[in-house]
Amino acid sequence: MLDHPARSAELDERYDLAPSPELAEEMKDVYARMARVVAPPDWAIHAPYVAAIERLKKERNAVVLAHNYMTPDIYHGIADVVGDSLQLAVAATEIEADVIVQCGVHFMAETSKILNPSKTVLIPDSSAGCSLAESVTAAGIEEMRARYPGAPVVTYVNTTAEVKAASDVCCTSSNAAQIVAAMDSETVIMAPDKYLAQNVAKQVPQKRIVWWDGACIVHEQYTADDLRGFRDWNPGTRIIAHPECPPDVIGEADYSGSTSGIIDYVDRERPEKAMLVTECSMASNIADALPEVDFVGPCNMCPYMKKITLAKVLWSLHAMAEPVEVDPAVADGARRAVERMIEISRRAAA
């Protein structure tokens with residue numbers, strides 16, 4: 001399960017990682033959270049890794065933060081906190097453990113480190129990047145500021161620490177409209193997701209929103225024609241889309257929201273059939289909690305999120321690899337942008 005032979009050999013020598021139906025049976029309570037989407041033979045493979053990780057978490061005083069796009073074995077098997085980017089950012093400010101293992105992409109681990117400079121933050125695979133984060137630089141933000149003087153910059157959390165530091169405030173897909181509406185200026189710069197910006201513009205018509213030309217490789221693949229064709233083929237299915245999708249896709253959906261919003265919507269509405277227009281693992285991770293919902297249709301997989309595996313999490317805790325560091329000067333600016341986002345969100349929810 002680990003793509004590095006020497007590391008795999010070391011783990012095999014230190015831990016009993018052979019598939020174990022006996023251990024799988026002992027850990028049936030954990031398996032029950034994912035039984036609808038993980039086959040028993042696969043759970044017999046996963047269980048030894050889950051058990052070893054849980055032991056190491058106690059030894060290291062560590063917690064695992066897992067994004068909603070993680071695979072079910074991570075999401076249900078080892079995560080202490082799950083959620084979307086905003087939920088994980090808020091949780092990171094409340095962590096008391098010494099070590100944070102970030103099961104997500106690199107910018108998420110950077111955000112945890114920014115909010116917890118004295119703690120050890122590990123990411124199981126530092127090459128787990130993000131197409132959005134890679135689409136803009138701090139120089140690009142300055143270019144937008146020069147083009148629209150005086151306009152505040154609202155950057156998606158799917159950005160590097162340097163970009164966050166160059167911004168006025170961050171946002172997530174769940175609070176983007178709130179954040180933009182809270183800005184004093186009539187014109188607001190949003191980066192780097194052009195589709196999120198265009199969808200927010202419809203929600204906040206009192207603002208003139210200008211945007212950077214970036215997009216998520218998962219969500220930009222969906223088209224309105226795809227959704228119309230799916231409706232013709234499978235009428236009655238509730239179509240639920242993430243706001244990183246193009247606006248015409250959102251227009252065809254029955255509901256659009258962040259990953260946490262999607263979960264809340266499906267839980268509240270309990271449709272007979274639902275198609276989630278987002279990353280593949282979303283449906284898998286909520287399927288067992290909602291057995292009456294039939295999750296149907298296509299999905300797109302994030303290749304970056306799928307770089308995080310149980311074996312890599314185990315190695316990360318075993319070797320305390322790979323620690324995330326952020327230059328203190330950059331972290332200070334980025335922290336201000338993230339904390340301002342959290343403050344506005346909490347104020348709006350009060």
Side-chain angles (χ1 to χ4, degrees), residues 36-37 66-72 75 82-87 104-105 130-133 135 156-158 171-177 190 192-203 211 213-290 292-306:
R36 190 175 170 191
V37 292
H67 190 267
N68 292 325
Y69 293 169
M70 287 293 100
T71 52
Y75 185 92
V82 297
D84 63 11
S85 298
L86 176 60
Q87 291 170 317
V105 291
C130 171
S131 60
L132 278 172
S135 73
Y156 205 16
V157 291
N158 301 41
C171 75
T172 70
S173 56
S174 61
N175 65 18
M190 289 191 71
D193 192 321
K194 61 184 177 183
Y195 296 133
L196 178 66
Q198 291 165 29
N199 290 322
V200 168
K202 294 181 178 180
Q203 297 175 266
W211 54 82
D213 188 21
C216 168
I217 60 172
V218 170
H219 295 101
E220 71 175 341
Q221 295 180 53
Y222 294 103
T223 69
D225 283 343
D226 290 338
L227 270 59
R228 285 190 288 268
F230 187 84
R231 280 196 194 278
D232 291 342
W233 171 65
N234 203 340
T237 297
R238 203 79 60 90
I239 297 181
I240 305 161
H242 193 280
E244 290 175 18
C245 294
D248 59 345
V249 170
I250 300 301
E252 291 293 328
D254 296 295
Y255 172 80
S256 173
S258 67
T259 55
S260 61
I262 288 171
I263 292 172
D264 290 344
Y265 176 84
V266 177
D267 185 40
R268 181 175 67 250
E269 296 291 323
R270 306 291 175 109
E272 182 180 347
K273 292 183 179 181
M275 173 186 173
L276 303 191
V277 186
T278 186
E279 211 277 341
C280 285
S281 290
M282 276 286 295
S284 297
N285 289 334
I286 61 178
D288 280 281
L290 300 167
E292 66 271 40
V293 179
D294 182 13
F295 293 96
V296 297
C299 66
N300 293 326
M301 186 175 292
C302 175
Y304 301 110
M305 288 284 188
K306 296 306 179 274

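- A perpendicular orientation is assigned to the rings of H67 and Y69, their planes being inclined by more than 60° (bins at 30° and 60°).
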Begin from the C-alpha positions of H242 and V277 and carry the test side-chain contact (heavy atoms from CB on, under 4.5 Å) through to its verdict.
CA-CA 6 Å; H242 193 280; V277 186; over 6 Å; no

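- Salt-bridge formation is not detected for the pair R36/D288: no Lys NZ or Arg NE/NH1/NH2 atom is positioned less than 4.0 Å from an Asp or Glu carboxylate oxygen.
- Distance alone, capped at 3.5 Å, is enough to place a donor-acceptor pair between the D193 side chain and the L196 backbone.
- Interatomic distance, CZ of R228 versus OG1 of T223, reported as 7.5 Å (0.5 Å rounding).
- Rounding to the nearest 0.5 Å places SG of C245 at 10.0 Å from CD of E220.
- Of the possible donor and acceptor atoms, one in the side chain of Y222 sits under 3.5 Å from a partner among the backbone N and O of T278.
- Residues V105 and M305 meet the side-chain proximity criterion, which asks for heavy atoms closer than 4.5 Å.
- Residues N300 and H219 form no side-chain contact, since every pair of their non-hydrogen atoms from C-beta on lies 4.5 Å or further apart.
- Side chain of D254 to backbone of I239: a donor-acceptor contact under 3.5 angstrom is found.
- A salt bridge is defined here as a Lys NZ or Arg NE, NH1 or NH2 lying under 4.0 Å from an Asp or Glu carboxylate O, and E279 with K306 meets this definition.
- Atom OG of S256 and atom CD of Q203 lie 7.0 Å apart (nearest 0.5 Å).
- With hydrogens and angles ignored, the 3.5 Å screen pairs no side-chain donor or acceptor of N158 with any backbone N or O of L132.
- Within the 3.5 Å criterion, the main-chain N or O of D248 finds no donor-acceptor partner in the side chain of E252.
- Two residues are said to be in side-chain contact when any heavy atoms from C-beta on lie closer than 4.5 Å; S173 and Y156 meet this criterion.
- For the pair N234 (side chain) and F230 (backbone), a donor-acceptor distance under 3.5 Å is absent.
- A donor and an acceptor atom, one from each side chain of E269 and Y255, are nowhere located under 3.5 Å apart.
- At least one donor-acceptor pair under 3.5 Å links the side chain of N285 to the backbone N or O of M70.
- Of the inter-residue distances, the one linking I262 atom CD1 with D84 atom CG reads 9.5 Å to the nearest 0.5 angstrom.
- Proximity of V200 to C171: side-chain heavy atoms (C-beta onward) are nowhere separated by under 4.5 Å.
- Looking at I286 and V293, their side chains never come closer than 4.5 Å, going by heavy atoms from C-beta outward.
- The SG atoms of C299 and C280 lie less than 2.5 Å from each other.
- Once rounded to the nearest 0.5 Å, the distance linking CD1 of I250 with CG of L227 reads 9.0 Å.
- In this structure, CE in M190 is found 10.5 Å from CD in Q198, a value given to the nearest 0.5 Å.
- In terms of heavy atoms, Y195 sits closest to P247 at CD2-CD, 3.7 Å.
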